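Structure, as structure tokens:
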Protein chains: 2
Amino acid sequence: MTSPPQRNPRRTDALSRERIVEAAVEILDTAGEEGLTVRAVTARLATGRGAIYHHVAGKDELLAAAAEDVIGRVTAHPGDDDPRRAIRALALGVFDAIDAHPWVGAQLSREPFQPAVLGIWTSLGVHLRRLGARGAALSEAGSALVNYVLGAAAQHAAGARRAPDDAARRAYLERLAARWARHDADAAVQESAALLAGHDDREQFLAGVDIFLTGVVHRPISGG
Amino acid sequence: MTSPPQRNPRRTDALSRERIVEAAVEILDTAGEEGLTVRAVTARLATGRGAIYHHVAGKDELLAAAAEDVIGRVTAHPGDDDPRRAIRALALGVFDAIDAHPWVGAQLSREPFQPAVLGIWTSLGVHLRRLGARGAALSEAGSALVNYVLGAAAQHAAGARRAPDDAARRAYLERLAARWARHDADAAVQESAALLAGHDDREQFLAGVDIFLTGVVHRPISGG
DNA sequence: ACACAGTTGGACCGGCGGTCCAATCTAGGG
DNA sequence: CCCTAGATTGGACCGCCGGTCCAACTGTGT
């Protein structure tokens with residue numbers, strides 16, 4: 001009769017929810033969303049699943065906490081005196097965070113009003129209010145801006161996953177533009193396809209923020 | 001020596017990629033994205049995995065084809081004479097499609113420029129061009145509007161998954177608004193939280209479309 | 001010193017996407 | 001009409017997944 005197989009000795013440096021979330025962010029940054037498994041986290045921290053599930057309810061909560069960790073750093077600090085500049089800076093901060101951590105793009109689409117999304121809402125809402133938006137108009141403007149930011153970030157993130165470096169990205173966009181132009185002869189498609197390969201996501205994103213700001217300022221207040 | 005277990009007899013009604021995609025859409029509509037497994041599709045069609053993988057490369061392709069099937073019906077038909085009304089109708093068509101099929105919201109965030117996304121781009125681009133946008137300005141306007149539509153649809157879809165009927169949705173939003181208001185005393189948060197439970201996603205979505213259209217029309221052309 | 005709660009490590013479970021192979025059917029060519 | 005090759009089908013099997021459960025150990029409080 002053999003004794004049960006001996007376990008690895010117990011760790012001396014205690015785990016914590018913060019360390020587990022940090023390990024998850026590292027794995028997500030290097031291997032993407034598909035690379036994040038609970039087993040990968042246990043391997044990285046040299047521990048067992050019981051330890052992970054003791055600190056985190058499950059994989060979904062781990063992902064949400066990781067996204068909140070990344071977005072929290074963007075929305076944490078105060079903005080500019082000028083609300084337009086502050087909005088631009090904040091939006092760009094979210095975009096850059098998602099450029100650096102593409103997996104956040106998909107994660108923010110997973111749950112409505114999750115802490116990271118609420119953080120973005122709050123940060124932008126403060127400045128929209130300083131821009132003059134009130135009540136229902138504030139709600140509509142906030143919704144439009146946050147949803148645009150999330151939408152653009154998600155598409156950019158999807159692109160970043162597809163082509164991780166600039167050369168690969170340009171090549172991919174050139175092939176796509178050629179296919180798109182061939183598939184549809186419409187003038188709008190031809191013009192957009194022609195510009196697709198060379199465009200800069202960040203510049204285009206900012207242009208969208210400006211379109212929004214122009215719209216908010218020029219749009220008549222409806223029942224506000 | 002026993003003979004190998006006998007297989008179910010072969011089907012008489014032949015499968016096709018279209019039938020498989022249709023079955024996938026039905027499963028997604030009833031059980032959501034988590035309910036779509038290749039096994040669920042084999043059960044629904046009373047077939048084996050070999051048959052599925054013969055027609056479809058994998059689960060990802062199945063999801064993409066299902067999303068294209070749904071969005072294709074929206075972008076297929078021609079629009080209004082008035083470009084603003086056509087844009088509004090198209091955007092609302094996408095929103096309603098995603099309201100009816102919430103899983104499409106997440107799927108559109110998964111791949112940049114997938115056929116369904118290009119379809120939305122093309123349809124909106126046609127009318128943005130009629131509105132006067134050209135070249136880089138057309139590209140920027142299209143990007144802004146498409147990304148807003150996708151972002152809003154994704155968030156709405158996430159909400160629809162969370163609370164499938166209106167009563168559950170209102171209750172959920174009331175709880176969330178209370179928590180949000182309690183967590184942050186800022187005036188923008190208090191105002192937005194107060195309006196959260198009662199707001200209509202569809203109305204708010206259209207308000208956002210109007211903000212972007214106003215921005216497109218009023219924004220000075222930059223290097224166009 | 002003892003007891004209890006918190007933390008840890010890993011065996012085990014059912015289901016997953018996907019591969020591979022044998023069997024069957026259909027279409028085309030001789 | 002027959003034969004062959006390719007297309008289509010059905011399901012066994014694989015490794016990995018998220019998650020549960022349980023035993024062992026450690027630290028804290030009485």
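Proteins come first, then strands; the chains are lettered A, B, ... in the order of their sequence lines, and each starts at number 1. None of these values were measured; they are calculated from a predicted model.
- Regarding B/Y53, its OH atom lies at a distance of 11 Å from the P atom of C/dC16, rounded to whole Å.
- Note that the CG atom of B/L124 and the CG atom of B/L145 stand 5.0 Å from one another [nearest 0.5 Å].
- Partner B/Q114 forms a side chain to side chain contact (heavy atoms under 4.5 Å, CB included) with one of B/I71, B/L63, B/L108 and no other, that one being B/L108.
- Each salt bridge (charged side-chain N to carboxylate O under 4.0 Å, His left out) pair with one or both residues in residues 47-65 of chain A, not counting sequence neighbours, appears once here: A/R17-A/E61.
- In this structure, B/E68 has no salt bridge (charged side-chain N to carboxylate O under 4.0 Å, His left out) partners at least two apart in sequence or on a different chain.
- Each of B/R11 and B/R49 lies near DNA chain C, and the nucleotide nearest B/R49 is the one positioned closer to the 5' end.
- One can place CG of A/D13 at 14 Å from P of D/dT26, the figure rounded to the nearest angstrom.
- Near DNA chain D, defined here as any heavy-atom distance below 4.0 Å, the residues from residues 25-43 of chain A are A/L36, A/T37, A/V38, A/R39, listed numerically.
- Here the closest non-hydrogen pair linking A/G208 and B/A144 is CA-CB, 3.8 Å.
- For A/D166, the CG atom sits in a loose shell: 12 or fewer heavy atoms of surrounding residues, nucleotides or ligands are nearer than 6.0 Å.
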Reading 5' to 3' through nucleotides 2-7 of chain C, protein heavy-atom contacts under 4.0 Å coded B for base, S for sugar-phosphate only, - for none: ----BB
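- The aromatic rings of A/F205 and A/Y148 lie parallel to each other, their planes meeting at an angle below 30°, with 60° marking the opposite boundary.
- Near-neighbour residues of DNA chain D inside residues 58-69 of chain B, defined by a heavy atom below 4.0 Å, are absent.
- Among residues two or more places apart in sequence or in another chain, the side-chain hydrogen bond (donor to acceptor under 3.5 Å, both in side chains) test is passed with A/H101 by A/D29.
- At a threshold of 4.0 Å, the pair A/R202-A/D99 does not count as salt-bridged, since none of the basic side-chain nitrogens sits closer than that to a carboxylate oxygen.
- One distance of note links CZ of A/R11 with CG of A/L45; it measures 6.5 Å at 0.5 Å rounding.
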